[in-house]
Amino acid sequence: MKKDNIICRMLGIEYPVIQGGMAWVADAELAAAVSNAGGLGLIAAMNSNGEQLREQIKKAKELTDKPFGVNLMLMSPFIEEAVQVVCEEHVAIVTTGAGNPAKYMERLKEAGVKVICVVAGVALAVMAERMGACAVVAEGCESGGHVGETTTMALVPQVVDAVGIPVIAAGGIADGRGMAAAYMLGAQGVQMGTRFLTAKECTIHQNYKDKVIAANDHDTIVTGKTLGHPVRALKNRMTREFQKKESDPNTTPQELEAMGAGALRRAAREGDVQNGSCMCGQIAGLVKSENTCAEIVHGICEEADALIARFANA
Ligand code: TUI
């Protein structure tokens, strides 16, 4: 699955593996490491202001001469600045998530930025194609962070049938079996977040990595549905407290929002994995080791290729 793959040709990468644009996780160092490994690394713009994002982009340019991208989190209060900086810095590729990117598509395309929209449903995928996205990431609800409602298994083939542009599968993929399955569903690449949480080049706190490695198949939970932005994270004191408050009719949305504020930073940067939010996908139980980005990217592609070859000859 190298070079001749449509995602690889389109993005100028060697392996059709995209690293998720995880807030407080996906910094210039991780993005550059994934890109240097031949995949597509992404910097998470998350809630960064323009100058913070510009600094990360400049750092990534120093660390790699391969293509990398920026993930724009559309709920960010600094989204306008982020779009401006991405255009000014001539970032090659942008992925958009957590909303409808309609407002920004023209500006990004005019600046020569290739746009890939992360979608959780067919309607937005169709809209993304119409708006000029070069591909979509169909992200199932197995993923970590902000989630939709449909599983990867159900979502990917429906998106594949609805659009003409290439589809990248995300949510619940962490090894070659998942990648091979994604190909069978019609996807032409994968995006992984959880698998890269424990990458050696990932700069999150060791406590977070340890918690991912210790997690099993039922250790994640979705909270925040009542706020309109459901988020999947590893179960801990924070999610238990959030759940309790969320089911209490006396809790105001403002109280819940206040509980969530700063929570991801607390876990990812300060290592407070009990009171912080350890966003993570359902596939955490499969992630049992720390590896370099090169091991992860090459390993998953080799495993997927071997599986597909084996079944082709069966
Ligand atoms: O965006 C993500 N994952 C994220 S964003 C994030 S930051 C955050 N933190 C706290 C609360 C909320 C967000 C953490 N993880 N993944 C891509 C994704 N996009 N998943 C689902 C969607 C999505 C949802 C609705 C995309 C479009 C959409 O459209 C709504 C509309 O307006 O049509």
Side-chain angles (χ1 to χ4, degrees), residues 1-5 7-8 11-22 24-44 59-60 62-69 71 93 95 137 142-144 152 168-183 187-217 234 268 278-310:
M1 293 298 159
K2 287 177 69 177
K3 305 243 165 140
D4 57 337
N5 174 284
I7 299 289
C8 293
L11 305 180
I13 58 178
E14 265 188 280
Y15 299 91
V17 176
I18 299 176
Q19 162 242 316
M22 301 165 281
W24 291 107
V25 176
D27 57 10
E29 274 165 76
L30 180 61
V34 174
S35 288
N36 283 332
L40 183 74
L42 295 180
I43 295 167
K59 193 166 169 190
E62 280 169 22
L63 295 172
T64 185
D65 52 11
K66 304 253 176 82
F68 67 89
N71 170 258
I93 299 137
T95 64
V137 174
E142 297 94 322
S143 70
T152 302
I168 297 153
I173 301 167
D175 67 7
R177 293 172 297 181
M179 187 176 202
Y183 285 135
Q188 274 146 325
V190 296
Q191 177 183 280
M192 300 192 295
T194 302
R195 188 68 190 85
F196 286 111
L197 284 174
T198 66
K200 291 219 164 110
E201 299 91 337
C202 178
T203 62
I204 58 169
H205 198 284
Q206 189 62 37
N207 294 353
Y208 196 154
K209 293 189 181 187
D210 292 345
K211 200 164 169 63
V212 173
I213 288 171
N216 64 31
D217 57 331
L234 291 171
C278 303
M279 291 190 189
C280 183
Q282 285 184 323
I283 204 68
L286 211 67
V287 179
K288 288 287 161 235
S289 57
E290 293 180 42
N291 298 92
T292 64
C293 289
E295 285 166 351
I296 294 169
V297 171
H298 304 167
I300 183 175
C301 291
E302 279 162 23
E303 190 189 353
D305 287 351
L307 280 170
I308 291 164
R310 198 169 98 204

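A quick note: this is a predicted structure, and the numbers were derived from the prediction, not measured. Quick note: residue numbers are just sequence positions, from 1.
Here the straight-line distance linking atom CD of Gln19 with atom SG of Cys293 works out to 7.0 Å at 0.5 Å rounding. Interatomic distance, Cys202 SG to Lys209 NZ, rounded to the nearest 0.5 Å: 5.0 Å. Considering CD1 of Ile7 and CD1 of Ile168, their distance stands at 4.0 Å, rounded to 0.5 Å. Annotation: the span from Leu307 atom CG to Arg177 atom CZ amounts to 8.5 Å, rounded to 0.5 Å. For the atom pair OH (Tyr15) and NE2 (His298), the distance works out to 4.0 Å, reported to the nearest 0.5 Å. Residue Asp217 holds its CG atom at 10.5 Å from CG of Leu286, rounded to the nearest 0.5 Å.
Within the 4.5 Å cutoff, side-chain heavy atoms of Met192 are placed close to those of Ile296. Residues Thr203 and Leu30 fail the side-chain proximity criterion, which asks for heavy atoms closer than 4.5 Å. Side-chain contact between Ile204 and Trp24 is absent, with no heavy atoms from C-beta onward closer than 4.5 Å. The side-chain heavy atoms of Leu42 and Leu40, taken from C-beta on, include a pair separated by under 4.5 Å. Inter-residue side-chain proximity for Leu197 and Cys280 is flagged as met; some heavy-atom pair is nearer than 4.5 Å. Under the 4.5 Å side-chain criterion, counting only non-hydrogen atoms from C-beta, Glu201 is in contact with Thr292. Contact of the Ile18 side chain with the Val190 side chain is not registered, since no non-hydrogen atoms from C-beta on lie closer than 4.5 Å.
At distances below 3.5 Å, at least one donor-acceptor pair connects side-chain atoms of Lys288 with backbone N or O atoms of Ile213. Under a 3.5 Å cut-off, the side chain of Lys66 and the backbone N or O of Val34 do not form any donor-acceptor pair. The closest donor-acceptor contact from the side chain of Thr194 to the backbone of Ile283 lies at 3.5 Å or more, if one exists at all. Under the 3.5 Å distance criterion, the side-chain polar atoms of Asp175 are left unmatched by any main-chain donor or acceptor of Glu303. Side-chain atoms of Ser35 come within 3.5 Å of backbone N or O of Gly41 as a donor-acceptor pair. Not a single donor-acceptor pair under 3.5 Å links the side chain of Glu62 to the backbone N or O of Lys59. Without hydrogens or angle criteria, Tyr208 side chain to Met279 main chain gives a donor-acceptor distance under 3.5 Å.
Residue Ala182 comes nearest to Ala169 through the heavy atom pair CB-CB, 3.7 Å, listed as atom of the first residue, atom of the second, then distance. The two atoms that bring Ala170 and Thr152 nearest to each other are O-OG1, 3.0 Å, heavy atoms only. Residues Cys301 and Pro16 come closest through the heavy atom pair SG-CD, 4.3 Å. Summarising the geometry of Asn36 relative to Leu63, their closest heavy-atom pair is ND2-O, 3.1 Å, with the distance given to 0.1 Å. Taking both residues in full, the closest heavy atoms of Phe196 and Met22 are given as CB-CE, 4.3 Å, listed atom of the first, atom of the second, then distance. For the residue pair Val297 and Gly39, the shortest heavy atom distance occurs at CG1-N, 4.2 Å.
For the residue pair Glu290 and Thr198, no side-chain donor N or O sits within less than 3.5 Å of a side-chain acceptor on the partner.
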